[in-house]
Amino acid sequence: MAQESALNFTYEQLLSNVKLDTPLIAGGVRCHGGFDATGYRSPRTMWRVPAIEAWQKQHLATSPVPLIEIAADLVPPHLPSVAQAKLLLKAGVREPIVRMLTEIAIVEGFGATIRDLPVPPMASFIRESTAATGLAHLTGGLFEAHARDEAGWGDEGGHKQMWEAARDIALSNPDVPGDILMMIMGRRSAQNRPPRLLPTLAEPVERLLAFMVGVLAIEVFARSTFVWAEELLGDPEVSDSPAEASRLISYIRSDESPHVEYLRTTLSEVAARTLIAEDGSEIAGREAVNALLERSLKMMIRQRIRERRDQIRSSIRTAAQGKVADVEEFVARFDALETPWEPPAFARLEPVSGAAGNSGQVGY
Ligand SMILES: [Fe+2]
Ligand SMILES: [Fe+2]
């Protein structure tokens, strides 16, 4: 299939796979991606990866706005740390870790909803042309490829199934509690939709931009999850299939790279342009994207610091009953192994009302 031009790609192209010698089979499930002579190749990257690179180059050549970057020091270390998770597994308190890995798999599966996000016509809210940009391809394959990568497609597993397989081979098919999906849904419905931040924009425009910013932040924050899971599930002291499980996590990690790259590209394209409000007034795209990004990061960092620790402690208190002599002493030992981390100054300010619709997600 020939490329239409250097910057325009068809839907089919953006979903095309590179030629593989062997498919990826994980825990007996055929998954996306596979292997050629160079090693693991992520799904749907034949044209998607060069397309994103070309849009990035074009953006940098035509705009002074740099590509959006979420600094590494904004990303909290994984909670629990590897040392904390090992303490649990070695003591036979496996349920909190089984829950956590299952939650990641479920939330990856929620990635399927990306394809349902309403996308208003670009010309209805962006002053300048978006022809031959990543933005012009969001509904032309980029969102669909992302949804398929996360949730699987047809009879091929995606990240949902790959995380389940990693859990099951590393922990030898553990019992999976049946209430995990319900608990995630309960936490989500308890979160209010955040108030409008850019109320002059049409509601679907703010929703689209806020969603993209939120998913970008989740994708970047997930880096600490990958480092954690690769180390933990790759540790023969606690993993029953260290090499296979950590390799599988590394494949998922490499599949995430096009997600981060297309989102930072398209949000940078917005930042370089002018947004049209409902009353015809204008907002600099850069201001809008920065405001949404700062709010998302604040909410995610606070969620990590406040809620996640409490969730894990309560999950340990339940699971450790009858497995350790003194549950409170065990929780204290667990707490002492947390990786210390100082949140950035901007996230320590006064609480914001509401919570991010996406906060608490760790998968995508
Ligand atoms: Fe992703
Ligand atoms: Fe993913």
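Remember, it's 1-based here, ligands and their atoms both numbered in the order they're listed.
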Got a salt bridge between [X] and [Y], using NZ or NE/NH1/NH2 to carboxylate O under 4.0 Å?
X      : Y      : value
Arg207 : Glu203 : yes
Arg30  : Asp155 : no
Lys19  : Asp36  : no

Have a look at the Fe ion (ligand 2) and estimate, to 10 degrees, the angle subtended by OE1 (Glu108) and ND1 (His159).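 Value returned, to the nearest 10°, is 100°.
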Under 3.5 Å, side-chain donor or acceptor atoms of residues 322-331 against the rest of the protein: list the pairs with distances, not counting sequence neighbours.
from   : atom 1 : to     : atom 2 : distance (Å)
Asp326 : OD1    : Glu328 : N      : 3.1
Asp326 : OD1    : Glu329 : N      : 3.1
Glu328 : OE1    : Arg317 : NE     : 3.3
Glu328 : OE1    : Arg317 : NH2    : 2.9
Glu328 : OE2    : Arg317 : NE     : 2.8
Glu329 : OE2    : Arg333 : NE     : 3.2

Tell me which N, O or S atom of Glu150 sits nearest to the Fe ion (ligand 1).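 The closest N, O or S atom of Glu150 to the Fe ion (ligand 1) is OE2.
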Please confirm if an N, O or S atom belonging to Glu219, backbone or side chain, lies less than 2.8 Å from the Fe ion (ligand 1).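 Yes, within the cut-off.
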Tell me, please, if His146 has any N/O/S atom, main chain or side chain, under 2.8 Å from the Fe ion (ligand 1)?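 So His146 does not bind the Fe ion (ligand 1) by this criterion.
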Angle in degrees, rounded to 10°, that OE1 of Glu256 and ND1 of His259 form at the Fe ion (ligand 1):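 Nearest ten degrees: 90°.
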Does anything in residues 118-133 pair up under salt bridge (charged side-chain N to carboxylate O under 4.0 Å, His left out), and if so which pairs, sequence neighbours excluded?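 Residue pairs with at least one partner in residues 118-133: Arg127-Glu282.
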